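Small disclaimer: the values here were computed from a predicted structure and weren't measured.
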Amino acid sequence: MKNRILKPLGLLACTWPLLWGGLASAADESAGAADTEQAMARFQSTYIWQKKSNFSAAYSGPNSLIPRSERSYTLTFDGYFGFRPWQNAELYFVPEITQGLPLSNLTGLGGFTSGEATRVSGTNPTLYRQKLFLRQTWNQGGGQQRVDADVDQLAGFVDRDRVVLTAGNFSTLDIFDDNLYAKDPRSQFLNWSGMSHLAYDYAADARGFGWGAALEWYTGDWVLRAGRMTGPTTPNGLPTDLRIFKHYGDQVEVEHAHSLAGQPGKVRVLAWRSRALLSSYAEALAYGQANPNASKEWISAVRNGDKTKYGLGLNVEQAVNDRSGVFLRAMKGDGKTETYAFAEADASFSTGYSTRGTAWSRDQDTLGLMYARNMLSADRRKYLAAGGISFFIGDGALRYRPETLFEVYYNMKVSKGLWVSLDYQRIANPAYNADRGPVNVGSVRLHAEF
């Protein structure tokens with residue numbers, strides 16, 4: 001186990017300096033050549049090491065978080081390649097190499113401890129296509145604004161009023177449920193609760209990506225977004241169901257930018273609906289009670305018809321001053337149907353604070369704190385309490401309590417394009433079970449962009 005965790009770290013340490021010397025300077029020259037990039041090649045690598053302490057557990061089941069101490073890691077390398085095929089269009093291709101060993105085989109929690117954990121497929125490096133998409137912009141006036149270079153973005157200018165179409169292979173979270181202070185597990189909060197609404201069961205394959213299209217209309221202080229994406233052929237599986245008019249995930253989001261006490265902020269309201277071949281918890285529980293000797297994965301036995309699930313959420317970000325801000329997310333889902341493609345949660349709430357280290361003369365560092373509270377519907381609670389097993393959780397019994405999380409991280413800039421983070425998470429009632437936990441998880445994250 002120790003070698004499987006430390007070997008990728010050694011590989012990372014050897015690889016970064018070589019890439020840094022050959023590629024970073026070339027990227028800098030390309031970005032500085034013109035205000036509008038015509039093509040780009042950028043790269044990132046992230047290594048996350050985590051250790052979970054022993055914790056108390058009255059009992060454990062097939063999908064429980066292991067109560068003994070564990071160590072885990074994830075390692076990703078991404079290449080971001082883009083160019084402008086014609087006016088106001090951008091085409092992007094993102095290959096990714098991944099490897100890793102998640103805690104407890106990625107089971108036993110609603111809000112898992114690392115947003116990178118779903119990308120990895122084992123301890124052998126695996127290359128796959130992460131994204132391949134086209135972005136087309138129709139400028140509508142209102143003055144121009146600068147678009148800065150980023151891993152998924154060519155530097156340039158767009159009109160403030162515009163219509164943008166994104167189509168191809170990408171993540172729903174690339175477009176929807178953005179938040180300045182809580183979004184990216186490669187630089188911000190690690191827990192899934194900091195990536196998005198945990199109750200947002202958006203359509204995606206097991207790694208978090210799919211095929212589809214999203215349309216955005218920017219006008220003044222408002223943005224309206226709508227999109228449809230493909231999901232997995234089976235819940236939380238990897239193969240993608242390309243029958244986008246039969247099985248899909250739809251979302252509509254309204255965003256408004258404002259100023260409060262002279263500081264900028266945004267409010268987003270997101271509604272979503274997913275349709276797929278899914279099980280209802282009521283039917284699964286009835287099957288389990290009628291077949292006491294059957295496998296406890298009762299949801300698999302009654303997955304025999306298309307069902308629709310939906311939810312509504314609020315997302316707020318607000319600057320406090322020019323170096324810090326607060327955020328809040330809250331969402332409620334219908335809670336009658338099994339998880340389609342994201343997390344085991346039917347309602348979720350998270351809030352927190354983020355600040356740059358200006359006060360202690362470390363302006364490029366970031367300190368973040370988050371509290372999250374995730375909940376289950378009555379139907380899902382009855383299913384788990386009776387001994388049912390779902391994709392990520394199932395202790396064999398349940399004394400229900402909301403799963404709560406406190407997370408704090410410090411992200412330190414070491415040099416240009418290189419950051420080191422320390423992160424601590426304390427999770428009470430793992431998998432919503434008061435008979436287990438609390439769990440303490442410490443993490444070290446190394447992240448490079450060039």
Side-chain angles (χ1 to χ4, degrees), residues 27 30-31 33-44 76-97 119 127-142 144-178 183-184 196 202-205 207-219 223-232 238-253 255 270 272 341 449:
S30 173
D35 288 336
T36 299
E37 288 182 306
Q38 297 302 316
M40 65 117 176
R42 285 189 262 277
F43 304 86
Q44 83 82 33
T76 59
F77 292 95
D78 296 76
Y80 298 87
F81 305 98
F83 72 99
R84 299 184 187 272
W86 56 80
Q87 186 176 8
N88 296 324
E90 305 149 64
L91 184 64
Y92 296 94
F93 170 58
V94 182
E96 183 172 71
I97 299 174
R119 299 177 184 271
L127 172 66
Y128 76 101
R129 182 200 67 248
Q130 187 197 87
K131 302 179 191 179
L132 176 62
F133 66 93
L134 175 73
R135 182 185 296 134
Q136 176 69 53
T137 301
W138 292 274
N139 289 310
Q140 305 289 309
Q144 285 199 320
Q145 66 181 32
R146 173 75 178 174
V147 177
D148 293 328
D150 206 345
V151 290
D152 251 351
Q153 178 67 62
L154 288 160
F157 295 89
V158 295
D159 285 358
R160 295 184 183 278
D161 296 340
R162 61 191 185 277
V163 176
V164 181
L165 173 67
T166 304
N169 180 201
F170 57 99
S171 171
T172 303
L173 298 185
D174 290 337
I175 309 296
F176 297 89
D177 196 36
D178 195 15
K183 180 70 173 181
D184 187 359
S196 179
Y202 64 93
D205 64 19
R207 289 192 174 103
F209 301 90
W211 291 86
L215 194 65
E216 302 173 87
W217 177 30
Y218 293 77
T219 177
V223 187
L224 175 64
R225 301 182 178 93
R228 171 170 287 192
M229 298 293 292
T230 60
L238 191 56
T240 303
D241 187 346
L242 297 177
R243 296 173 294 173
I244 198 169
F245 296 105
K246 181 177 176 61
H247 298 148
Y248 50 81
D250 287 339
Q251 37 272 313
V252 176
E253 183 178 62
E255 174 186 304
L270 172 66
W272 61 272
E449 294 180 5

Is any NZ, NE, NH1 or NH2 atom of the basic residue among Asp205 and Arg207 found under 4.0 Å from an Asp or Glu carboxylate oxygen of the other? no

I want to check something: taking the side chain as every heavy atom from C-beta on, are Trp211 and Ile244 in contact at a cut-off of under 4.5 Å? no

Looking at every heavy atom in both Arg146 and Ala155, which two are closest together, and how far apart are they? NH2-CB, 3.6 Å

Hey, does Ile175 have a side-chain heavy atom less than 4.5 Å from the side chain of Gln251? no

Set of ring-ring contact (aromatic ring centres under 6.0 Å, His included) partners for Phe209, sequence neighbours left out: none

Under 3.5 Å, side chain of Asp78 to main-chain N/O of Phe43, donor-acceptor pair present? no

State, yes or no, whether a side-chain contact exists between Leu224 and Leu215 at a heavy-atom distance under 4.5 Å. no

Do Thr76 and Gln44 pass the side-chain contact (heavy atoms from CB on, under 4.5 Å) test, and can you show the C-alpha distance, the side-chain angles, and the key distance before you say yes or no? CA-CA 8 Å; Thr76 59; Gln44 83 82 33; 3.2 Å; yes

Show your working on side chain to side chain donor-acceptor pair (under 3.5 Å) between Gln130 and Ser171 and close with a plain yes or no. CA-CA 9 Å; Gln130 187 197 87; Ser171 171; over 6 Å; no

Rounded to the nearest 0.5 Å, how far apart are OG1 of Thr172 and CH2 of Trp272? 11.5 Å

Can you check side-chain contact (heavy atoms from CB on, under 4.5 Å) on Asp241 and Thr230, steps first, answer last? CA-CA 6 Å; Asp241 187 346; Thr230 60; 5.8 Å; no

Compare every heavy atom of Thr166 with every heavy atom of Phe133, then report the nearest pair and how far apart it is. CD1-CG2, 3.7 Å

Begin with the C-alpha distance, continue with both residues' side-chain angles, and end with the deciding distance and a verdict on side-chain contact (heavy atoms from CB on, under 4.5 Å) for Lys183 and Leu173. CA-CA 9 Å; Lys183 180 70 173 181; Leu173 298 185; 3.6 Å; yes

Distance-minimising heavy-atom pair for Met229 and Ala213: SD-N, 4.1 Å

Student check: side-chain heavy atoms of Gln140 and Tyr218 closer than 4.5 Å: no

If I take atom CZ from residue Arg225 and atom CG from residue Asp177, how far apart are they, to the nearest 0.5 angstrom? 10.0 Å

Kindly say whether Glu37 contributes a backbone atom to a donor-acceptor pair with the side chain of Arg84 at under 3.5 angstrom? yes

Selection residues 157-172 - residue pairs positive for salt bridge (Lys or Arg N to Asp or Glu O under 4.0 Å), sequence neighbours left out: none

Minimum heavy-atom separation for Ala341 to Ala204, with atom names? CB-O, 3.4 Å

How many angstroms lie between atom OG1 of Thr240 and atom CG of Leu238, to the nearest 0.5 angstrom? 6.5 Å

Considering non-hydrogen atoms only, spot the tightest contact between Ala214 and Phe176 and give its length. CB-CE1, 4.0 Å

Check residues 86-95 and write down every donor-acceptor pair under 3.5 Å in which the side-chain atom is one partner and the other belongs to a residue at least two apart or another chain.
residue: Trp86; atom: NE1; partner: Gln136; partner atom: OE1; Å: 2.6
residue: Glu90; atom: OE1; partner: Tyr92; partner atom: OH; Å: 2.5
residue: Glu90; atom: OE1; partner: Arg135; partner atom: NH1; Å: 2.9
residue: Glu90; atom: OE1; partner: Gln153; partner atom: NE2; Å: 3.2
residue: Tyr92; atom: OH; partner: Arg135; partner atom: NH1; Å: 3.4
residue: Tyr92; atom: OH; partner: Leu154; partner atom: N; Å: 2.9

